[in-house]
Participant: 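Provided herewith is a single structure, encoded as structure tokens, for subsequent inquiry.
The first residue of the sequence shown is numbered 1, and numbering continues consecutively from there. Both counts, for ligands and for their atoms, begin at 1 and track the order of listing.
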Amino acid sequence: MYNEIDLNKIDLAAEPPAEEPSRQYYFMAKCRERVREFEQTYGRRPTACVTTFGCQMNARDSEKLRGILEQAGYQEAETEEADFVIYNTCTVRENANNKVYGRLGSLGARKKKHPQMKIALCGCMMQEPTVVEKLKASYGFVDLIFGTHNIYKFAELLYLALENQGMVIDLWEDTDRIVEDLPVERKYSFKSGVNIMFGCNNFCSYCIVPYVRGRERSRSHKDIVKEIRGLVSDGVSEVMLLGQNVNSYGKNLPEPITFAQLLKELEKIEGLKRIRFMTSHPKDLSQELIDTMAASEKICRHLHLPLQSGSSRILKEMNRRYTREQYLELVGRIRAAMPEIAITTDIIVGFPGETEEDFQETMDVVRKVQYDSAFTFIYSKRTGTPAAAMEDQVPEEVIKARFDRLLAEVQQIAARKAEALTGQVQTLLVEEVNRQDASLVSGRLGNNSVVHIPGDASMIGTYVRVQLDECKGFYYYGKAV
Ligand code: SAH
Ligand code: SF4
Ligand code: F3S
């Protein structure tokens, strides 16, 4: 943690401060009192487990939850057999919700045997009123529910839940607030996600994210630079800039700044070696960004550029605001500037009204672009989005068959692209000891490919020149050279 506030010096007899983040540090200290009482009763520290569903945005939020729990005195638990369990939920597709309900059932059974246990839920799924109704009706054992807009209040809400019996619920519809300088417990010592913006204004017609994450808000570039400088002095050399549409970063700031200008600022930070970002919306990807990437030593040669569909007609229905021709032209310009760049994507199969011809157009773009990898999703109807009300929902078996064809194509292309790099020497950031074989370490290349090489834990966080000896489809075996 790079933000040092001594919780022992906070006067707990005083009223809680009104301003943030001081108010939250006050409640962290209050929670610490409760934790001490727990220790006296049970002869050990209470344990806490944070379980994350969904995207990197949620993963980063979970690091903030862990940071606060650590400050409050909890010991991190590896499993959900803990005194405090919190699910940071996702609702982008129906199966994300189903997973949460399923696991909540088993947590409830555990709580019956351990009544002192506390269960909390937060994240995107909690921003849906129907979900909260269902939880109130059928999951009464949950102690705390909050959403995406007030996650910075976690310390205060945790304290309320520890003090109270029954369900504490705090949900906000939206916010324009960004609270800086809360503690964070990072998963990796050498790399970190960094939020550069929150929310989304794009309202793609299938997508629930704008409803559950609220309107787009950019952090000031000064706060971002300050955070990254702090991370670098704490040992971080790779950052992943996070936002639903990083290409529109800065547009609504009092002093507007472009994403490319932000990148140029970050490039200057000494000790920072790799810059990644996601996600890039094709409609806002500027030539300035392409030129900035091409001229950069630090920005990784990887672009995640969600296609969603290759049919201009479906793209219009999706409210994506680009055509297949514009997308292909953009990819052409990116590849012309950076021939070695890896391009990855997201594709939805079975959007309402998708015909075989539309699907063929998607397959055609996939073949033309030659993606290095692609996440393929079966369209999931999200109540409240415009697409959910569209007639002509595609039958399940048709979607499934198309999905399988797309997946086969995507995998074949990805394997061929990966194979083509065999024999090359590239730079690897070593991330961890291989989970299956402890004589190997695993890491990522700039283009995001995974490589396993012989090594040991002392190499974690270091950059190694490696030769890619053998391609295994989605990853490589190699050796340091
Ligand atoms: N902001 C990012 C996407 C965030 S959601 C972007 O615009 O690229 C991640 C991916 O989930 C999306 O790219 C989309 O492919 C998929 N997705 C979103 N809503 C979906 C839905 N209702 N059904 C299926 N997939 C969906
Ligand atoms: Fe969803 Fe579209 Fe926003 Fe991405 S850009 S989060 S797909 S609405
Ligand atoms: Fe899911 Fe929320 Fe991310 S809905 S994909 S966790 S923004």
Participant: May I ask you to decide if Phe141's main-chain N or O and Lys111's side chain share a donor-acceptor pair within less than 3.5 Å?
Facilitator: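 Present.
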Participant: Keeping the roles fixed (side chain from Asn58, backbone from Cys55), state whether a donor-acceptor pair exists under 3.5 Å.
Facilitator: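 Answer holds: no.
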Participant: Could you check Thr52 against Asn88 for side chain to side chain donor-acceptor pair (under 3.5 Å), going step by step and ending with a plain yes or no?
Facilitator: CA-CA 5 Å; Thr52 312; Asn88 189 7; 5.2 Å; no
Participant: What do we get for Arg320 next to ligand 1 when only non-hydrogen atoms under 4.0 Å count, side chain, backbone, both or neither?
Facilitator: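 The part of Arg320 near ligand 1 is the side chain, not the backbone.
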Participant: How close does the nearest protein non-hydrogen atom get to atom 7 (S) of ligand 2, and which residue and atom is it?
Facilitator: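 Atom 7 (S) of ligand 2 sits closest to the protein heavy atom Tyr206 OH, 3.4 Å.
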Participant: Checking contacts here: is it the side chain or the backbone of Ile378 that comes within 4.0 Å of ligand 1, counting heavy atoms only? Could be both or neither.
Facilitator: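 The backbone, only.
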Participant: Quick one: give me the number of protein N/O/S atoms under 2.8 Å from atom 2 (Fe) of ligand 2.
Facilitator: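 Number of qualifying protein atoms: 1.
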Participant: Give yes or no for whether the N/O distance cutoff of 3.5 Å, strictly under, is met between Gln308 and ligand 1.
Facilitator: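 Yes; the residue has a nitrogen or oxygen that sits under 3.5 Å from a nitrogen or oxygen of the ligand.
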Participant: I'd like to know if the side chain of Gln393 reaches the main chain of Ala387, judged simply by a donor and an acceptor atom lying under 3.5 Å from each other, with no hydrogens or angles considered.
Facilitator: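 Yes; at least one donor-acceptor contact below 3.5 Å.
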Participant: Would you say Tyr206 and ligand 1 have an N/O pair spaced under 3.5 Å apart?
Facilitator: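 For ligand 1, there is an N or O atom that lies under 3.5 Å from one belonging to Tyr206.
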Participant: Hey, does Asn245 come in under 3.5 Å of ligand 1, counting only N/O atoms on both sides?
Facilitator: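 The answer is no, given that Asn245 and ligand 1 share no N or O pair closer than 3.5 Å.
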Participant: Say whether Thr279 and ligand 1 are in contact under the criterion: heavy-atom distance to a ligand atom below 4.0 Å.
Facilitator: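 The answer is yes, since Thr279 has a heavy atom less than 4.0 Å from ligand 1.
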Participant: Taking the inter-plane angle between the rings of Tyr327 and Tyr322 on a 0 to 90° scale, is it parallel (under 30°), tilted (30 to 60°) or perpendicular (over 60°)?
Facilitator: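 Rings of Tyr327 and Tyr322: tilted, as their planes differ by 30° to 60°.
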Participant: Do the rings of Tyr379 and Phe351 sit parallel, tilted or perpendicular, given the 30° and 60° boundaries?
Facilitator: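 Tyr379 and Phe351: perpendicular rings.
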Participant: Should one rank Ile347, Leu305, Asp346 by closest heavy-atom distance to atom 13 (O) of ligand 1, which comes out on top?
Facilitator: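 When every heavy atom of Ile347, Leu305, Asp346 is considered, Asp346 comes closest to atom 13 (O) of ligand 1.
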Participant: Keeping Tyr74 on the side-chain end and Cys49 on the backbone end, is there a donor-acceptor pair under 3.5 Å?
Facilitator: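 Not confirmed, Tyr74 side chain does not pair with Cys49 backbone.
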Participant: I need the atoms of ligand 1 closer than 4.0 Å to a non-hydrogen atom of Tyr379, numbered in the order shown.
Facilitator: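 Checking each atom against Tyr379, I get 23 (N), 24 (C).
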Participant: Any atoms of ligand 1 less than 4.0 Å from a non-hydrogen atom of Pro306? List them with their elements.
Facilitator: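 Checking each atom against Pro306, I get 8 (O).
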Participant: Looking at Arg219 and Glu227, is any side-chain nitrogen of the basic one under 4.0 Å from a carboxylate oxygen of the acidic one?
Facilitator: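 Counted as a salt bridge, because a side-chain N and a carboxylate O are separated by less than 4.0 Å.
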Participant: Which of parallel (below 30°), tilted (30 to 60°) and perpendicular (above 60°) describes Phe375 and Phe377?
Facilitator: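 Phe375 vs Phe377 ring planes: parallel.
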Participant: Should the pair Phe84 and Phe154 be assigned to parallel (<30°), tilted (30 to 60°) or perpendicular (>60°) ring geometry?
Facilitator: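 Plane angle between 30° and 60°, so tilted.
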Participant: Distance under 4.0 Å to a non-hydrogen atom of Arg93: what atoms of ligand 1 satisfy this?
Facilitator: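 Those qualifying, in numeric order: 11 (O), 16 (C), 17 (N), 23 (N), 24 (C), 25 (N), 26 (C).
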Participant: Where is the nearest protein heavy atom to atom 5 (S) of ligand 1: which residue, which atom, and how far?
Facilitator: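 Sorting protein heavy atoms by distance from atom 5 (S) of ligand 1 puts Val92 CG2, 4.0 Å first.
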Participant: Between the main-chain N or O of Ala161 and the side-chain N or O of Lys118, is there a donor-acceptor pair closer than 3.5 Å?
Facilitator: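 Confirmed, Lys118 side chain pairs with Ala161 backbone.
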Participant: Counting N and O atoms only, with roles assigned by atom type, does the side chain of Asp143 sit under 3.5 Å from a partner on the main chain of Met167, one being a donor and the other an acceptor?
Facilitator: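 Between the backbone of Met167 and the side chain of Asp143 there is no qualifying donor-acceptor contact (under 3.5 Å).
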Participant: Is there a side-chain contact between Asn448 and His304 in this structure, where contact means two heavy atoms from C-beta onward sitting under 4.5 Å apart?
Facilitator: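 Side-chain contact under 4.5 Å: no.
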Participant: Within less than 2.8 Å, report the number of protein N/O/S atoms around atom 2 (Fe) of ligand 3.
Facilitator: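 The number of such protein atoms is 1.
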Participant: Is it the case that the side chain of Arg335 and the backbone of Glu340 share a donor-acceptor pair, with hydrogens and angles ignored and the cut-off at 3.5 Å?
Facilitator: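 No.
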Participant: So, does Asn247 use its side chain to make a donor-acceptor pair with the main chain of His281 at under 3.5 Å?
Facilitator: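 Yes: the side chain of Asn247 pairs with the backbone of His281.
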Participant: Checking the N or O distance criterion of under 3.5 Å, is ligand 1 in contact with Ser380?
Facilitator: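 By distance alone, the answer is yes.
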Participant: Mind checking whether Arg382 has an N or O less than 3.5 Å away from an N or O of ligand 1?
Facilitator: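 No, no N or O pair falls under 3.5 Å.
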Participant: So which of Met278, Gln244, Met57 gets nearest to atom 3 (C) of ligand 1, if we judge by its closest heavy atom?
Facilitator: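 Nearest option to atom 3 (C) of ligand 1, by heavy atoms: Gln244.
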Participant: Is ligand 1 less than 4.0 angstrom away from at least one heavy atom of Ile348?
Facilitator: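 Flag set, Ile348 near ligand 1.
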Participant: Please check this pair: side chain of Thr47 against backbone of Ala82, looking for a donor-acceptor N/O pair closer than 3.5 Å.
Facilitator: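 It does not hold such a pair.
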Participant: Atoms of ligand 3 less than 4.0 Å from Gln244 heavy atoms?
Facilitator: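 Reading through ligand 3 atom by atom, the close ones are 7 (S).
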Participant: Taking the side chain as C-beta and beyond, is there a heavy-atom pair between Tyr206 and Met318 under 4.5 Å?
Facilitator: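 Yes, close enough: below the 4.5 Å cut-off.
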Participant: What do you reckon, is CD of Glu356 surrounded by more than 12 foreign heavy atoms closer than 6.0 Å?
Facilitator: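 Yes, because the 6.0 Å sphere around CD of Glu356 holds more than 12 heavy atoms from other groups.
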Participant: Decide whether the shortest distance between a heavy atom of Thr385 and an atom of ligand 1 is less than 4.0 Å.
Facilitator: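 No, that is not the case, since the closest heavy atom of the residue is not under 4.0 Å from the ligand.
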